[in-house]
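Residue numbers count from 1 along this sequence.
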Amino acid sequence: MSVLRSIPFASDIIEEIAGIIGNESSTGEGTVIVFPGKRPSLYLKARLAALAGPRAFFPPRCFSLDQLIDEIARRQNPGFADIDHGDAAFILFGLIRSLGAFERHALAGKGFGDFLHWGRHLLSFIDRLDMEGIENSALVNVERNASIGYDVPQSVNELLSNISLIRSEFHRVLAEGRWFTRGTKRIAAVKETEGRVPDDLRRVVFAGLFGLTGGERNILRSFWNAGQATVLVSGDPEDWPVLKDLVGHLKAKVEYGDAARNERPVVNLHAGHDTHAEVLEAYRILKESPRKKTAIVLPDADPLFPLLSFVADRTELKCNISLAYPMDRTPVFDLTRAVLAARVERRTDGQYPSARYLAVILHPFIKNLEPDSNLRSLLVHIERSLSDETGKGPLAGRSLVTLAEIEEAAAALDPSGQAGHLAALLDVHRLFFKNFENLSTVGDVAAALEEALEAIIFKTPVRSYVLSGTIFESIFGALGSLKGSLFSSSPLSDDPADNTRTACEITLHHLENTTLPFDTH
C-alpha cells in the first residue's frame, strides 16, 4: 500500500528514512530510496552504517530522481546514449535546412553558427514540452498564434507555427540515432512504467521531492497506483500549492508525522560591505563557534574560491562542497579566451593586434612556462617595447605586429642563442598562435587547445595548485566532447574569416557552460 507522509521542516529527513527502513527490515533490503539529488544518499548510508554498528551492512539502493529515470528509461530503450546540447542543436539545424516547410525560412540559408543561438532556445522549448509530457495535439493554439505573430522576430514565429512538425521529426532522428535528450528520457521512462512498474523496485521511498515536472509526476503515480511508493515530503501540503497539487495528482491521503523534537534554530544576521568582508565574517563565526553540521550557503559561485582559500585553509573543519564552480571563472578559461580572441582578430597578412598578443603572453601561465629559460624577462621586454610610444626600437608603439617581427627583435637581444629564452618564445608562438592559424573546424580548435594546455601542465608549476586537477580534468573533458560532436569536422561557413570566428565562438561558449564538479563526501 502506498503512503504519503508529511513531516515538519525542522525534522531530520535522514532520520525519518532510517526509521522507515528499520521498520521494514534490518538492512533495507528490497527498498529503494529516491532523493532529488545525489548528495543526500551519502548521509543516509552513513547514518544506517552507524545504526548497524559492527555488523555487516548492505545499504539500500539509492538514486537521485534523474538517476532513477535514467535507469527506467534505458530498460525501455536499451543502448541509447545521452546527446550533447550542441549535437541536438545541430540536428535541429539540419531539419530546418531539409524540411520543405522551412525552404524559405531566414535561417535555412545561414550557417550553424548563426542558427546556434536560436537552436538552443528551440531545443529548450522542445525539451520542456517533453519533460512536461505535453502532446503535439496540445500545440494547436501555439501554432495558430504564431501564424498571427507573437512579439518575437518573424523567423521565430515561423518556427513556432510548425513546432509540432519540428518536434516529431526531431524525435524521429533521435530514435534513429539511439540518442536521449533529458526530455525524451522522461518520455521513455513514462512509457516503461505505464503498464506496470519494474519487479525489482518493490518498495520505493521518494524523499524530499518538490516541484516535479508532468512526466516525473506520471512516473511517481505509476509507483503509487501499484502500491509500491512511500512519499515523504517536508512541509504541510496545505501551505505549499506545489505539494498540494501533487497530493491531488496522486489522489492521496496525507499522513502527518510527529512535530519535530528539534529546537528551532536561532537566526542572527551579520553584515559585510563586500564579498571579502563577508568571507572574513564567516571565518570569525566559524573560528569562535565551530560546528560539525554547518552549511555555508553562497548566493552564487563567485565567492567559492575566496572562501575556500581563506576559511578552509585556516580551520581544521573538513569541507563538503556541493556547489559546481563555473569554468569561465578560472585562469585556464581566461587564457583560452585570450588565445581565441587573438586568432579571431588576426589579419590576413599575419598581423596581430598588439593588445591581443600581449593578453596571451602576459598571462601568468605563459610567463611561468619553462622557468629555467629566462622567458619571463624576455616577455617583459617585449611588453615594454610594444608599449613604448617614443619611437625607439622596431616594435615601439606598434598597434599591429607579426610573430616574425617579434622573433627577429628577440633574436637581436641574444645573437648567440645561449640564453634559451628565444627557443622558449618560439615554442609559445607555435603552441598559442601558429597552431591556431589554419583551423577550419571546431575539432581543430579543440585539438590545438588540448596541445597548448598540456604544455601548461607539464612545463609550469600549475600541478602543485590543489584544484588544478579538477580544473584541467573538466576542460579536457569539455574539449573531448567537442572533438566527438556531430559538427566537429564540418566547416561552419563558406567565408573563411566567418568560419574561423564561428568555430572559436562555439568552442568558447561550450567551455563557458562547463562547470567544475567537486567529488567530495
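- Within a 6.0 Å sphere centred on CD of Glu135, other residues, nucleotides and ligands contribute 12 heavy atoms or fewer.
- For the 3.5 Å distance criterion, the side chains of Thr441 and Asp444 qualify, holding a donor opposite an acceptor.
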- What do the steps show when you test Asn136 against Arg167 for side-chain hydrogen bond (donor to acceptor under 3.5 Å, both in side chains), and what is the final call? CA-CA 8 Å; Asn136 276 342; Arg167 186 187 182 198; 3.1 Å; yes
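- Ion pairing between Arg329 and Asp302 holds under the 4.0 Å rule for side-chain N and carboxylate O.
- One finds a salt bridge joining Asp245 and Arg217 here, because a Lys/Arg side-chain nitrogen approaches an Asp/Glu carboxylate oxygen to under 4.0 Å.
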- Using the salt bridge (Lys or Arg N to Asp or Glu O under 4.0 Å) rule, take Asp70 and Lys185 through it: C-alpha gap first, then chi angles, then the decisive distance, then the call. CA-CA 7 Å; Asp70 183 86; Lys185 188 178 289 185; 2.7 Å; yes
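- Between Leu298 and Pro303, the closest heavy-atom pair is CD1-C, 4.3 Å.
- Between Ala448 and Leu439, the shortest heavy-atom distance links the atoms CB-CD2, 4.4 Å.
- Ring-plane geometry between Trp240 and Phe9 is classed as perpendicular, the angle between the planes exceeding 60 degrees on a 0 to 90 degree scale with a lower cut at 30.
- Nearest heavy atoms, Ala252 versus Trp224: CB-CZ2, 3.2 Å.
- Between Tyr283 and Phe310, the ring-plane angle classifies as perpendicular under the 30° and 60° cut-offs.
- Taking the six-membered ring wherever Trp is involved, the centroid distance between the rings of Phe206 and Phe35 does not fall below 6.0 Å.
- Heavy atoms only, all atoms of each residue included: Ala188 and Ala73 are closest at CB-CB, 3.9 Å.
- Between the side chains of Ser485 and His510, no donor-acceptor pair is found at a separation under 3.5 Å.
- Residue Val205 forms a side-chain contact (heavy atoms from CB on, under 4.5 Å) with just one option from Ile33, Val3, Ile21, and that option is Ile33.
- Judged purely by distance below 3.5 Å, without hydrogens or angles, the side chains of Thr230 and Arg5 never pair a donor atom with an acceptor atom.
- Heavy-atom neighbours of His171 NE2 from other residues, nucleotides or ligands within 6.0 Å: above the threshold of 12.
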- Evaluate the side-chain hydrogen bond (donor to acceptor under 3.5 Å, both in side chains) criterion for residues Arg120 and His509: first the C-alpha distance (whole Å), next the side-chain angles of each, then the deciding distance (0.1 Å), finally the verdict. CA-CA 12 Å; Arg120 288 195 177 99; His509 188 273; 3.1 Å; yes
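- Between Leu51 and Ala18, the shortest heavy-atom contact is CD1-CB, 4.0 Å.
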